[in-house]
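Written out below as structure tokens is the structure these notes cover.
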Amino acid sequence: MYAGSIVVGAGCATTHYPINEPLAKPSTQAYALADADNTDSLFIQLSFSGGGTRAAALAYGVLAELRAQSIYWDRRQRRLLDEIDLITATSGGSILAAYYALYGEKTFTTFEKEFLFANLQDELTNRILFSPINWLRLTSPRFGRSDIFAELLDERLFKEATFGFWSTQRRPRVLIAASNISTGERFEFTPVNFKTLCSDISTFPIARAVAASSALPVVLSPITVFDYRDACPISLSTAAPTGGERSILPSPAIKSDPAAIRYIHLLDGGLADNLGARGTPDFVERTGGIIETTRRSGYRGVRKAVFIMVNAETSSQPVQDRSADVPGIFRAVTALVDIPINHYSSETLSRIRSTVGAWEKEVKSATAAQRADIFVPDAKFYLIEISLAGAPDPNDRKHFMNVPTTLKLDFDDVQKLIDYGKKALRESPEFTILMQDISGEGGR
């Protein structure tokens, strides 16, 4: 899949990154929803932030704690983990989200060894800086450092899996986001988005989506996606039937024109949304409210809607900030990325906090006819925030704030992050209220 061709001649090399395929026929692909082990009445969404291995370790701790929490719900014993409906993720958080979507329960026996305690940072560096073959490949204008990163992710973690797997999987659904470098907008790897591009997401490698979501500017290159909409051999209808999917109808009169193909260049999802949490409120706003969004998504009888935000952002003060010396180029480039990300994340947090409350008010104030069978009249919404900045122990907080954003961390740092993720969820006041409420009505 990633072999690529290398043609040597006249002192240059030509290598091309894998190209996403155009739609050749009408597509009805969408994420599967039905799952006997996951009830509609308890909806759980997780959001995993960026932050390299640091973010993946913190999110893994939260995921492990959800696995450990047993509940009695809808007259059945189950785990909170089994009730997760959606995971939205960006950058480092997308690595765990994609891995869990592929491997499920196996994640808890393999992810630590294959990623958290592994050293992908040095392996990636070696492939980019010390491989003569890759030096040659990187001279091509159609191949970049992130393409090498995608190959590494594919070999070590994703084993050539494509989004075709997700079209048939049961819940949870996973949404990986990158950033469009031309518009600054979030780009989500979903069937709907790819249909809009007249492209087939079922053949697109998951590793390339994760590489795009994790492509830190300057350090890594953009990942490019072909946009075939102006050369599409079929008609892309704007109709939105039940389920929120755009229908695609045949239109033989439209001819493919290669000159009409456009290109979308993607970088780290953190540039648009480092918390990986803006997608849901944006979609709800576009759709016309939480009741209509939930109806289109296929849910019925929702009693509890839980949103867990796992935020691995740091705000350490670099050693340069304690010196009168002029900061170097690395510090300046880092600031260009970190300053807007941190500012935007603060805005996102404020928005999420107010939005979840507004959703609950919408449901409670709706008439029986408006709610139909989507939400019960007394449905409750919960927002649970897990963040490194919220560590109660000042020494822990100071330590976490200085854990770097890399793909390699010390064993002790990884273990501390995992343990903190578990403890932070377990001791969260909002989580305690949720568990008490579930216990109080689990037999309904």
Charged N to carboxylate O below 4.0 Å: is that the case for Asp378 and Arg303?
-> no
Of all the heavy-atom pairs spanning Ala277 and Ile352, show the shortest one and how long it is.
-> O-CD1, 3.6 Å
Between CD1 on residue Ile206 and OG on residue Ser94, distance to nearest 0.5 Å | 11.0 Å
Shortest non-hydrogen separation from Ala150 to Ala207 and the atoms involved | O-CB, 3.5 Å
Contacts of Ser428 meeting side chain to side chain donor-acceptor pair (under 3.5 Å) (sequence neighbours excluded), chain-then-number -> Glu430
Inspect the contact between Arg229 and Asp227 and indicate whether a charged nitrogen and a carboxylate oxygen are less than 4.0 angstrom apart.
-> yes
Below 4.5 Å, heavy atoms only, C-beta onward: do Leu46 and Val310 meet side chain to side chain?
-> no
Under-4.0 Å salt bridge between Asp413 and Lys408 | no
When rounded to the nearest 0.5 Å, the distance separating CG of Leu58 from CG of Asn311 is 8.5 Å
For Phe204, does its backbone N or O pair with a side-chain atom of Thr162 as donor and acceptor, under 3.5 Å?
-> no
So, does Thr88 use its side chain to make a donor-acceptor pair with the main chain of Gly276 at under 3.5 Å?
-> yes
Return the minimal non-hydrogen interatomic distance between Ala97 and Phe48, and the atom names on each side.
-> CB-CD1, 4.1 Å
For the ring pair Trp359 and Phe307, is the centre-to-centre distance below 6.0 Å?
-> yes
Side-chain heavy-atom pair Tyr420, Asp396 within 4.5 angstrom cut-off | no
Working for side chain to side chain contact (heavy atoms under 4.5 Å, CB included), residues Phe381 and Phe375 = CA-CA 11 Å; Phe381 286 66; Phe375 285 94; 3.7 Å; yes
With no hydrogens and no angle check, is any side-chain donor or acceptor of Glu362 less than 3.5 Å from a backbone partner on Ile290?
-> yes
Do Thr280 and Leu175 have side chains that get closer than 4.5 Å, going by heavy atoms?
-> no
Ser213 side chain vs Ala177 backbone, donor-acceptor pair below 3.5 Å | yes
Is a side-chain donor-acceptor pair under 3.5 Å present for Glu313 with Ser387?
-> no
What pairs with Ser221 under side-chain contact (heavy atoms from CB on, under 4.5 Å), at least two apart in sequence or on another chain?
-> Arg145, Ser146
Is a side-chain N or O of Arg54 found less than 3.5 angstrom from the main chain of Val403, in a donor-acceptor match?
-> yes
Heavy-atom pair of closest approach, residues Ala212 and Leu266 = CB-CB, 4.1 Å
About how many Å separate NZ of Lys195 and OG1 of Thr190, when rounded to the nearest 0.5 Å?
-> 9.5 Å
Would you indicate whether the side-chain heavy atoms of Pro217 and Leu271 approach each other to under 4.5 Å?
-> yes
Could you pull out all residues at least two apart from Gln69 that satisfy side-chain contact (heavy atoms from CB on, under 4.5 Å)?
-> Glu65, Leu80, Arg426, Phe431, Met435
Backbone of Leu23 reached by a side-chain donor or acceptor of Asp200 within 3.5 Å | no
The reported gap from CZ in Arg278 to CD in Glu185 (rounded to nearest 0.5 angstrom) is 11.5 Å
Look at the rings of Phe108 and Tyr60 and say which category their plane angle falls in: under 30° parallel, 30 to 60° tilted, over 60° perpendicular.
-> tilted
Do the side chains of Arg78 and Thr39 get nearer than 4.5 Å, heavy atoms only?
-> yes
Mind checking whether Val284 and Thr355 have side chains closer than 4.5 Å, heavy atoms only?
-> no
Where the side chain of Asp373 meets the backbone of Gly301, is there a donor-acceptor pair that is under 3.5 Å apart?
-> no
For Val62 and Gly421, which heavy atoms make the closest approach, and how far apart are they?
-> CG2-O, 3.7 Å
Flag, side chain of Ser91 to backbone of Ser214, donor-acceptor distance under 3.5 Å = no
Does some side-chain heavy atom of Leu96 sit less than 4.5 Å from a side-chain heavy atom of Thr107?
-> yes
May I ask you to say whether Asp282 pairs ionically with Arg351, meaning some side-chain N is under 4.0 Å from a carboxylate O?
-> yes
Walk me through it: do Ile438 and Tyr72 pass the test side chain to side chain contact (heavy atoms under 4.5 Å, CB included)?
-> CA-CA 8 Å; Ile438 288 176; Tyr72 186 70; over 6 Å; no
Is the shortest side-chain N to carboxylate O distance from Glu151 to Arg127 below 4.0 Å?
-> no
So does Arg171 pair up with Asp85, basic N to acidic O under 4.0 Å?
-> yes
Does the side chain of Leu349 come within less than 4.5 Å of Glu385's, by heavy atoms?
-> yes
Do Arg371 side-chain atoms and Ala366 backbone N/O form a donor-acceptor pair below 3.5 Å?
-> yes
Apply the test side chain to side chain contact (heavy atoms under 4.5 Å, CB included) to residues Phe226 and Leu197: give CA-CA distance (whole Å), side-chain angles for both, the deciding distance (0.1 Å), then the verdict.
-> CA-CA 8 Å; Phe226 279 38; Leu197 305 180; over 6 Å; no
Once you round to the nearest 0.5 Å, how far does CZ of Phe117 lie from CG of Asp410?
-> 11.0 Å
Those residues at least two apart in sequence (or on a different chain) that pass ring-ring contact (aromatic ring centres under 6.0 Å, His included) with Tyr100 are none
If you draw a 6.0 Å radius around NZ in Lys398, do more than 12 non-hydrogen atoms from other residues or ligands fall strictly inside?
-> no
Look only at the side chain of Asp40 and the backbone of Arg300, and say whether a donor-acceptor pair between them is shorter than 3.5 Å.
-> yes
Please say whether more than 12 non-hydrogen atoms of neighbouring residues, nucleotides or ligands are located less than 6.0 Å from NZ in Lys361.
-> no
Rounded to the nearest 0.5 Å, what's the gap from CG on Leu407 to CG on Leu116? Could you check?
-> 11.0 Å
At their closest point, which heavy atom of Asn38 faces which heavy atom of Asp82, and how far apart are they?
-> ND2-O, 3.2 Å
Asp147 and its side-chain contact (heavy atoms from CB on, under 4.5 Å) partner, picked from Ile223, Leu152, Leu220 = Ile223
Who are the ring-ring contact (aromatic ring centres under 6.0 Å, His included) partners of Tyr103, not counting sequence neighbours?
-> Tyr99
State which residues pass ring-ring contact (aromatic ring centres under 6.0 Å, His included) with Tyr382; sequence neighbours excluded, sorted by chain then number.
-> none
ring-ring contact (aromatic ring centres under 6.0 Å, His included) evaluation trace for Phe187 with Phe189 | CA-CA 7 Å; Phe187 179 92; Phe189 289 88; 5.2 Å; yes
Audit row: Thr314, Phe400, side chain to side chain contact (heavy atoms under 4.5 Å, CB included) steps and yes/no = CA-CA 7 Å; Thr314 59; Phe400 290 144; 5.8 Å; no
